[in-house]
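First up is the structure itself, then whatever we jot down about it.
Start at 1 and go down the list; that is how both ligands and their atoms are numbered. Along the sequence shown, residues carry numbers from 1. Predicted, not measured: the structure shown is a model, and the values here were computed from it. Reckoned from all heavy atoms, side chains included, excluding hydrogens, waters and symmetry mates.
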Amino acid sequence: MNFLSGTEDISLGKLRDTLIRLEDTIIFALIERAQFSHNEPVYKAGLYKYKGCEDFEGSFLEYFLQESEKLHAKVRRYQSPDEYPFTERHLLPDPIIPALEYPQILKPNDININAKIMEFYVKHIVPSLCAMDDDQNYGSAATRDVTCLQALSQRIHYGKFVAEAKFRDPKNQPKYIEYIKARDSKAIEELLTNKKVEEDLLKRLKRKALIYGQDITEAGDFTLDANLKINVDLVVELYEKWVIPLTKEVEVAYLLERLDN
Ligand SMILES: O=C(O)C(=O)C[C@]1(C(=O)O)C=C[C@@H](O)C=C1
C-alpha cells in the first residue's frame, strides 16, 4: 500500500485488495525458489565463518538475510509501517536518506512474529517445495528465500491494519472493547474471523497457483497439469496452516494492545 498518497484508505475492502495482490507476490516468489534444490547447508547454523563477521553463529540464510536487511534499512525500508525486519532493530543501521512522514494509522506496538515465520518456512515449506537434493546453488536459494520470507512477513503483519479497520467499525467496536478488557483472545479471534473470506481465498489461491505454475507458449497453449512449476496443494496448505492462522495471531495480539495507549 502507498502510505504516502495522503489519502490512505484503510477500509477492509482496500486492505483485502492488498492481501489479494500479495497472493501473487508469494506464489511467484515460491515458484522462483522451487527451481533450486533444498540445499540443506543453507539452513545449517555454524557451517561457515563469514569473513569480517566471524562471530555470526546463525545459518547461511540468516547471515544473508541480516546483511540484506542492513542494506534495506539504509534506504529506510523498515520505517515503512508495513515492513518488519527479521534482524533485531538495534543491529540495523540508520537510513542514509531523510526519514519520511508516514500517517499514524496503527497504535504504536512492537509486535513482530518473524521468528515464527522463519521457523515454519525453513522446517515445512522449503523441504516440501524443493527437490530434496543439493545442487550447490546456495546463493541463488538464499536470495529466493529472502524474497519469500519478506513477502510472507509483510502479508502476515498486514493483520495489524486489518485489525485496526475491524476495530474502527462502529458496529463491532463495543464488542471488541469488551473482549479486549476481558483479555479474551478466543472471543476476539472468533469476532474477527470471516470463514467465507477464508474459503474464497483458498479457492482463488489454488486457481492462481495452477495457472501461474504453467508454461504458457507463444501459441497460447497451456500445459495444464504437466510439469507444474509448483506444488499447488502446498501453496494452499501454506495459507491454511500458517499464513491465515498467523495473520489472525497478529490481529489478536494487536487488538489486545489496542486500548493501551
Ligand atoms: O480479511 C479479513 O477479514 C482478515 O482478517 C484476513 C484473513 C486472512 O488472513 O486472509 C484472516 C481472518 C479472516 O477470517 C479472513 C481472512
Shortest protein contact, atom 7 (C) of ligand 1 (heavy atom only): Glu251 OE2, 4.4 Å

Nearest protein heavy atom with distance in Å, relative to atom 15 (C) of ligand 1: Glu198 CG, 3.6 Å

Exercise: do Asp233 and Asn231 side chains pair donor with acceptor under 3.5 Å: no

Residue portion contacting ligand 1 (non-hydrogen atoms closer than 4.0 Å) for Thr193: both

Residue portion contacting ligand 1 (non-hydrogen atoms closer than 4.0 Å) for Leu201: side chain

Contacting atoms of ligand 1, where contact means under 4.0 angstrom from a heavy atom of Thr247: 9 (O)

For Asn194, the ligand 1 atoms whose distance to one of its heavy atoms is below 4.0 Å: 13 (C), 14 (O), 15 (C)

Parallel, tilted or perpendicular: rings of Phe167 and Tyr176 (30°, 60°): tilted

Candidate with minimal heavy-atom separation from atom 16 (C) of ligand 1, of Leu192, Ile20, Val197: Val197

Shortest heavy-atom approach to atom 5 (O) of ligand 1 - which of Arg155, Lys195, Glu23, Lys166: Lys166

Pair [X] + [Y]: basic N to acidic O under 4.0 Å:
{"X": "Glu251", "Y": "Lys160", "value": "no"}
{"X": "Lys195", "Y": "Glu199", "value": "no"}
{"X": "Arg204", "Y": "Asp200", "value": "no"}
{"X": "Lys116", "Y": "Glu119", "value": "no"}
{"X": "Arg258", "Y": "Glu164", "value": "yes"}

Distance-only N or O hit between ligand 1 and Lys248, under 3.5 Å: no

N or O pair under 3.5 Å between Arg16 and ligand 1: yes

